[in-house]
Amino acid sequence: QMQLVESGGGLVQAGDSLSLSCTNSGGTFSMYAMGWFRQAPGKERECVATISRNGFSTYYKMSVKGRFTISRNNTQNTVYLHMNSLKPEDTAVYYCAASGRVSVWSQASSVDYWGKGTLVTVSS
């Protein structure tokens, strides 16, 4: 049973950088592909980035490609999301997600475990 806990959210200004972390305290972290989703007020939850079990493959939502970087450390049971050049439209609750898939994915329906989320607010 994966237990995912996010950290690192906060209030930043447009153009700033922010890094999120998600640590697992249950289950076998390396057996899950990991990802970050986000949900803005009044909008559906969307996939931001995912990473394969071994970390060799990544997927990014088009609007964050080149600005965000997902990475993982299987020894530390942690997945990261480094966010650069943040925009007001990046404002959302960011959720850590784990999927039993081997490689990257983008559908919320493929998520087996969710974290509780961390709020990122980008002011203009």
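Contact record, R67 with S85: NH1-O, 2.9 Å, taken as the closest heavy-atom pair. Taking all atoms of both residues into account, the shortest heavy-atom contact from V120 to L20 is CG2-CD2, 4.0 Å. A49 and L81 get closest at one heavy-atom pair: CB-CD1, 4.3 Å. Heavy atoms only, all atoms of each residue included: T23 and Q76 are closest at CG2-O, 4.3 Å.
The side chain to side chain donor-acceptor pair (under 3.5 Å) analysis of residues 107-121, with sequence neighbours excluded, yields no pairs.
Of the candidates N74, T50, I70, N24, I70 is the only one forming a side chain to side chain contact (heavy atoms under 4.5 Å, CB included) with V79.
One distance of note links OG of S106 with CZ of F37; it measures 7.0 Å at 0.5 Å rounding. The OG atom of S30 sits 11.5 Å away from the CG atom of N73 when rounded to the nearest 0.5 Å. Put simply, CH2 on W105 and OG on S99 are 5.0 Å apart, with the number rounded to the nearest 0.5 Å. Rounded to the nearest 0.5 Å, atoms CE (M2) and SG (C22) are 7.5 Å apart. Separation of atoms CG (L11) and OG (S123) is listed at 5.0 Å; rounding is to 0.5 Å. Interatomic distance, E6 CD to S21 OG, rounded to the nearest 0.5 Å: 10.5 Å.
Between L86 and F68 there is a side-chain heavy-atom pair separated by less than 4.5 Å.
Residues S103 and S52 bring no donor and acceptor atom of their side chains to less than 3.5 Å of each other. Defined by atom type and a distance below 3.5 Å, a donor-acceptor pair is present between the side-chain atoms of N84 and S17. Side-chain N/O atoms of H82 and T69 include no donor and acceptor closer than 3.5 Å.
R53 places a side-chain N or O within 3.5 Å of a backbone atom of M31 that can act as its donor or acceptor partner.
Seen from the ring of Y95, R38 does not count as a face-on cation partner, given the 6.0 Å and 45° thresholds. Under a cutoff of 6.0 Å and an axis angle of 45°, R72 and F29 form a cation-pi pair.
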Chi angles and distances behind the side-chain contact (heavy atoms from CB on, under 4.5 Å) call for Y94, Q39: CA-CA 7 Å; Y94 283 70; Q39 188 166 17; over 6 Å; no
Apply side-chain contact (heavy atoms from CB on, under 4.5 Å) to the pair Y59 and C47, showing each step before the final yes or no. CA-CA 9 Å; Y59 162 86; C47 180; 3.7 Å; yes
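Using a 4.5 Å cut-off between side-chain heavy atoms of Ile, Leu, Val, Met, Phe, Trp and Tyr, with links allowed through other members, I51 and V111 fall into different hydrophobic clusters. Under a hydrophobic-cluster definition in which Ile, Leu, Val, Met, Phe, Trp and Tyr are linked whenever side-chain heavy atoms come within less than 4.5 Å, directly or via other members, L4 and V104 are assigned to different clusters. Y80 is not connected to W36 by any chain of hydrophobic side-chain contacts under 4.5 Å among Ile, Leu, Val, Met, Phe, Trp and Tyr, and they are in different clusters.
Q13 is linked by a side-chain hydrogen bond (donor to acceptor under 3.5 Å, both in side chains) to nothing, counting only residues two or more places apart in sequence or in another chain.
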